[in-house]
Amino acid sequence: MTASPVERAVAALRAGRPVAVGSATILSVETATGAILDLLDPQAKAPLLLSGERAAALGLGNLREVGDLKHAVQVHRAPWLDRETARSLADPSRDFDRGPIGPLGAEAVRCPGEAEAILTLLRLAGVLPAAWLVGVEAEAKVGVEAIMAAVHAPQVQLVTRAKLPVEGLEGTQIVAFRDTGTGEEHVALVVGAFGGRPPLVRLHSECLTGDVFGSLKCDCGPQLKEALRLIGAAGGGVLLYLRQEGRGIGLANKLRAYALQDRGLDTIEANLRLGFADDERGYGVAAAMLRALGVDSARLLTNNPNKVAGLEAAGVHVVERVAHHMPTNPHNADYIATKKAKSGHLD
């Protein structure tokens with residue numbers, strides 16, 4: 001299968017190569033080397049694009065638009081703004097150790113839609129939401145519409161399915177899907193038979209630290225195990241395991257958020273300081289997977305109203321929300337309280 005333009009652009013950004021997005025050409029501040037930056041911007045004039053969230057965290061309050069975190073900001077190039085300094089501006093883990101920086105001239109971007117697509121592409125690549133705007137040609141090219149369609153109107157391909165014996169469950173199959181826009185692979189665990197009734201469904205976002213290593217910082221691992229138990233007890237259902245690590249910001253950025261939490265920030269404050277929204281996940285891909293499995297209505301196992309709204313908006317009817325609570329521990333009690341207080345999670 002030929003890679004999509006979004007998939008090729010993501011690969012190029014991860015490799016530190018330039019990518020043309022609409023009329024702009026960008027380099028990732030995180031992955032581009034000093035050599036490639038000097039080659040593509042020999043006069044050191046390329047401005048820096050930052051998300052509105054990150055600009056606000058840096059205190060660029062001279063801009064009216066910074067009051068709305070959705071507005072991306074373009075930082076003017078200055079002699080002192082070299083690659084390492086730009087990296088320190090983009091990476092909040094350095095905020096607490098960095099000395100004073102020079103004055104920052106900045107302005108709102110001229111093409112907000114294009115800037116939004118650029119920042120979305122950086123997030124899909126799992127890198128910091130900051131890019132050099134270099135005026136060169138690039139082999140990897142992707143349109144604004146293609147990026148936004150991949151996020152807001154995803155399509156999936158059912159790749160394969162197989163029996164998967166799972167302890168405590170009967171008649172279990174695993175089904176692999178590929179997002180045709182981004183190339184991401186997601187899986188569904190289908191348990192039992194539904195008999196035409198709306199199945200019990202759990203949307204579980206990938207969590208390496210909790211699901212695999214048993215981290216106590218979140219409730220993801222226990223939620224996954226309990227969801228499988230409840231689906232089995234219900235006589236069958238579907239668990240979607242979605243590649244949305246760290247509320248959609250990627251593994252490396254999630255671990256950066258953990259480091260910020262060690263400094264006293266909560267989950268949402270950490271994501272915002274990184275330059276992301278508090279939750280970057282979408283549930284269109286989950287709806288597409290369910291429809292491919294023949295499921296157009298479901299009993300949804302969740303405390304998150306955004307999951308209900310996301311499935312409904314994508315055409316999967318949620319006939320019932322089933323609460324899904326786990327006991328807290330000393331390490332995740334504040335995390336769970338924050339989800340309720342700031343993210344609207346339900347009891």
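Below, all heavy atoms of this structure are taken into account, side chains as well, without hydrogens, waters or symmetry copies.
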*To the nearest 0.5 Å, how far apart are OG in S51 and CG in L122?*
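If I round to the nearest 0.5 Å, the distance is 9.5 Å.
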
_Using 0.5 Å steps for rounding, measure from the CG atom of L239 to the CG atom of L242._
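Here the rounded value is 8.5 Å.
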
Got [X] and [Y] here, is their nearest side-chain heavy-atom distance under 4.5 Å?
X: V10; Y: V142; result: no
X: L301; Y: V201; result: no
X: H76; Y: L81; result: no

Can any side-chain N or O of [X] pair as donor or acceptor with the backbone N or O of [Y] at less than 3.5 Å?
X: R291; Y: A314; answer: yes
X: E269; Y: D266; answer: yes
X: R83; Y: A32; answer: yes
X: T182; Y: E7; answer: no
X: T180; Y: Q155; answer: yes
X: S4; Y: G181; answer: yes
X: R178; Y: L158; answer: no
X: R8; Y: A3; answer: yes
X: E114; Y: C111; answer: no
X: Q244; Y: G250; answer: no

Charged N-O contact under 4.0 Å between [X] and [Y]:
X: R123; Y: E30; value: no
X: R54; Y: D91; value: no
X: D95; Y: R273; value: yes
X: E206; Y: R243; value: yes
X: R87; Y: E84; value: no

[X], [Y]: one ILVMFWY side-chain cluster at the under-4.5 Å cut-off?
X: L48; Y: I36; value: yes
X: L200; Y: V166; value: yes
X: L272; Y: L119; value: no
X: L240; Y: V175; value: yes
X: L58; Y: W80; value: yes

*Please say whether more than 12 non-hydrogen atoms of neighbouring residues, nucleotides or ligands are located less than 6.0 Å from CD in E320.*
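Enclosed: over 12 neighbouring heavy atoms sit under 6.0 Å from CD of E320.
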
*Near E312 CD, under 6.0 Å, is it more than 12 heavy atoms from other residues, nucleotides or ligands?*
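Above 12, so yes.
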
*Begin with the C-alpha distance, continue with both residues' side-chain angles, and end with the deciding distance and a verdict on side chain to side chain donor-acceptor pair (under 3.5 Å) for S205 and R281.*
CA-CA 9 Å; S205 298; R281 291 174 294 182; 3.0 Å; yes

_Working note: Q173 + V191, criterion side-chain contact (heavy atoms from CB on, under 4.5 Å); need CA distance, chi angles, decisive distance, verdict._
CA-CA 7 Å; Q173 290 187 342; V191 181; over 6 Å; no

*asked:* Between D41 and R77, does the salt bridge (charged side-chain N to carboxylate O under 4.0 Å, His left out) criterion hold? Intermediate values first, please.
replied: CA-CA 11 Å; D41 183 37; R77 194 68 175 270; 2.7 Å; yes

*Going through the checks in order, is the side chain to side chain donor-acceptor pair (under 3.5 Å) test met by T25 and E137?*
CA-CA 7 Å; T25 300; E137 291 292 322; over 6 Å; no

*Could you note down all residue pairs passing ring-ring contact (aromatic ring centres under 6.0 Å, His included) where residues 233-284 supplies at least one of them, sequence neighbours left out?*
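Passing the test, one end in residues 233-284: H204-Y241.
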
